[in-house]
Number of protein chains: 2
Amino acid sequence: MKPLFHPDTADIQLSSVLYALSDPVRLMMVHKLRQNGERSCGDIELPIAKSTVSHHSRTLREAGVIRTRTHGTQRLLSIREEDLETRFPGLLNAILSSYEETDEL
Amino acid sequence: MKPLFHPDTADIQLSSVLYALSDPVRLMMVHKLRQNGERSCGDIELPIAKSTVSHHSRTLREAGVIRTRTHGTQRLLSIREEDLETRFPGLLNAILSSYEETDEL
DNA sequence: TTTAAAGTTCTATGATAATCGAACAATAGA
DNA sequence: TCTATTGTTCGATTATCATAGAACTTTAAA
């Protein structure tokens, strides 16, 4: 199995994180991951093709927002909450709180 | 003089704000505006052509991040801090604090 | 060893965007 | 009124991206 690239915490770029979270689909993915905890790609209900989910997962992973680990044929996604808090204190919570307070659910 | 469009506070979209701030040039613009207060386009030192600055100003304005007012031949830009705080409490500060703490200056 | 399940990668497409230079518009000042 | 200043808009270019379907890979299960 090919190892998946995850940036080191110190290498996570603010603009990359903001970009990753500026897409409504990806924002919804991250919101659901925080609400429900670690989930496989398929368990996150999304109105798009699975190849598109895969693409978004990769964008979030390469930006340093989520972690992906392999479990059987599944890929389990989770938010890198501690790493993000270390790198950008308060940022993730401010974004997801804003998301939850508005009508973008 | 053509009136410039500014979205109402309630119409500001989170994903649009995140997208607007995900570009390094625009992030720098907003950082400098908060550091120095209201400034004209030309007073914000940027390593890009003035037509490009104008384009970025428009993106920030239409996303609801900045306000633009006319003063003579100048356009004065300022951050919509109160509106953003009303709409997305803590968001702008979390983003700009993150920016200032990292090496992206 | 087949078969099924879960994702990824490839290819293609249509849309959007970052950039610049040139032309244009509006205003202030000489 | 002419001119300089400030910024916008237009046109073109180049690049990136969101999307989907098809083919492929990997693993688990029958």
Side-chain angles (χ1 to χ4, degrees), chain A residues 1-6 13-33 36 38-78 104, chain B residues 1-6 13-33 36 38-78 104:
Chain A
M1 172 65 65
K2 205 184 303 176
L4 299 171
F5 170 76
H6 292 80
Q13 294 298 306
L14 176 61
S15 45
S16 302
V17 170
L18 296 180
Y19 180 78
L21 296 177
S22 72
D23 182 272
V25 171
R26 289 192 294 261
L27 202 43
M28 179 180 291
M29 289 176 69
V30 173
H31 162 73
K32 291 190 173 188
L33 283 176
N36 307 322
E38 189 178 50
R39 281 289 179 279
S40 70
C41 293
D43 285 348
I44 308 174
E45 301 180 342
L46 294 168
I48 52 178
K50 70 176 183 173
S51 61
T52 307
V53 175
S54 184
H55 160 260
H56 285 308
S57 299
R58 178 176 173 166
T59 300
L60 287 166
R61 176 174 50 77
E62 293 184 342
V65 177
I66 67 171
R67 186 187 350 264
T68 301
R69 68 185 183 92
T70 297
H71 180 255
T73 63
Q74 299 189 120
R75 294 288 172 89
L76 297 176
L77 313 181
S78 57
E104 299 189 45
Chain B
M1 173 64 68
K2 205 183 305 176
L4 298 171
F5 171 76
H6 291 80
Q13 294 298 306
L14 177 61
S15 45
S16 302
V17 170
L18 296 180
Y19 179 77
L21 295 177
S22 72
D23 181 274
V25 171
R26 290 192 292 262
L27 202 44
M28 181 181 290
M29 288 176 70
V30 173
H31 163 72
K32 290 190 174 188
L33 283 176
N36 307 321
E38 191 179 49
R39 281 289 179 282
S40 71
C41 294
D43 284 350
I44 307 173
E45 301 179 341
L46 294 167
I48 52 178
K50 69 176 182 172
S51 60
T52 307
V53 174
S54 184
H55 162 259
H56 285 308
S57 299
R58 179 177 173 166
T59 300
L60 287 167
R61 175 173 50 76
E62 294 184 341
V65 177
I66 66 171
R67 187 187 348 265
T68 302
R69 69 186 180 92
T70 298
H71 181 254
T73 63
Q74 298 189 123
R75 293 289 172 88
L76 297 177
L77 312 181
S78 57
E104 298 189 44

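Note on naming: letters A, B, ... go to the chains in the order of the sequence lines (proteins, then strands), and numbering restarts at 1 for each one. Note that the structure is a prediction, hence the values are computed from the model and not measured.
- Listed nucleotides D:dG21, D:dG7, C:dG7 differ in distance to A:S40; the shortest reach to its side chain belongs to C:dG7.
- Between A:S54 and C:dT8 there is a side-chain polar atom (N or O) within less than 4.0 angstrom of OP1 or OP2.
- Going from atom CD of B:E62 over to atom C1' of D:dT8 covers 13 Å, rounded to whole Å.
- We find that CD1 of A:I48 is positioned 12 Å from P of D:dG21, with the value rounded to whole Å.
- One interatomic measurement links the two molecules: CD1 of B:I44 to P of D:dT6, which rounds to 14 Å at whole-angstrom precision.
- Across the interface with DNA chain D, nearest-nucleotide mapping of A:H71 and A:S51 shows A:S51 to be the residue nearer the 5′ end.
- In this structure the side chain of A:H6 reaches within 4.5 angstrom of the side chain of A:R67, judged on heavy atoms.
- Between the NE2 atom of B:H56 and the C1' atom of C:dT16 there is a distance of 14 Å, given to the nearest Å.
- Between A:R26 and D:dA18, a side-chain N or O to OP1/OP2 separation shorter than 4.0 Å is present.
- A:L77 places its CG atom 8 Å from the P atom of C:dT8, with the value rounded to the nearest Å.
- Of the candidates A:L77, A:L76, A:L33, A:L76 is the only one forming a side-chain contact (heavy atoms from CB on, under 4.5 Å) with A:E38.
- Distance, A:L21 CG to D:dC17 C1': 16 Å, rounded to whole Å.
- If you measure from atom CG of B:L76 to atom P of C:dA26, you get 18 Å, rounded to the nearest angstrom.
- The CZ-P distance, from A:R69 to C:dG7, rounds to 13 Å in whole Å.
- A close approach under 4.0 Å does occur between a side-chain nitrogen or oxygen of A:Y19 and OP1 or OP2 of D:dA18.
- Distances shorter than 4.0 Å separate some side-chain N or O of A:R75 from OP1 or OP2 on C:dT8.
- For the residue pair A:T70/A:R75, the side-chain donor-acceptor check at 3.5 Å is satisfied.
- In this structure, B:R58 places its CZ atom where only 12 or fewer heavy-atom neighbours from other residues, nucleotides or ligands lie under 6.0 Å away.
- Using a 4.0 Å heavy-atom criterion, one finds that B:H55 contacts the bases of the nucleic acid, with or without backbone contacts as well.
- Out of C:dA6, C:dC20, D:dT19, the shortest distance to the side chain of A:T52 is found at D:dT19.
- In the set D:dG7, C:dA18, D:dT19, the nucleotide with an atom closest to the side chain of B:K50 is D:dG7.
- For A:R58, counting side-chain heavy atoms from C-beta on, the closest listed nucleotide (D:dT8, C:dT8, C:dT9) is C:dT9.
- No engagement by B:S57 is indicated, since no non-hydrogen atom pair under 4.0 Å with the nucleic acid exists.
- Comparing B:G42 and A:T73 by the nucleotide of DNA chain D whose heavy atom lies nearest to each, the residue mapping closer to the 5' end is B:G42.
- Side-chain atoms of A:D43 do not come within 3.5 Å of backbone N or O of A:R39 as any donor-acceptor pair.
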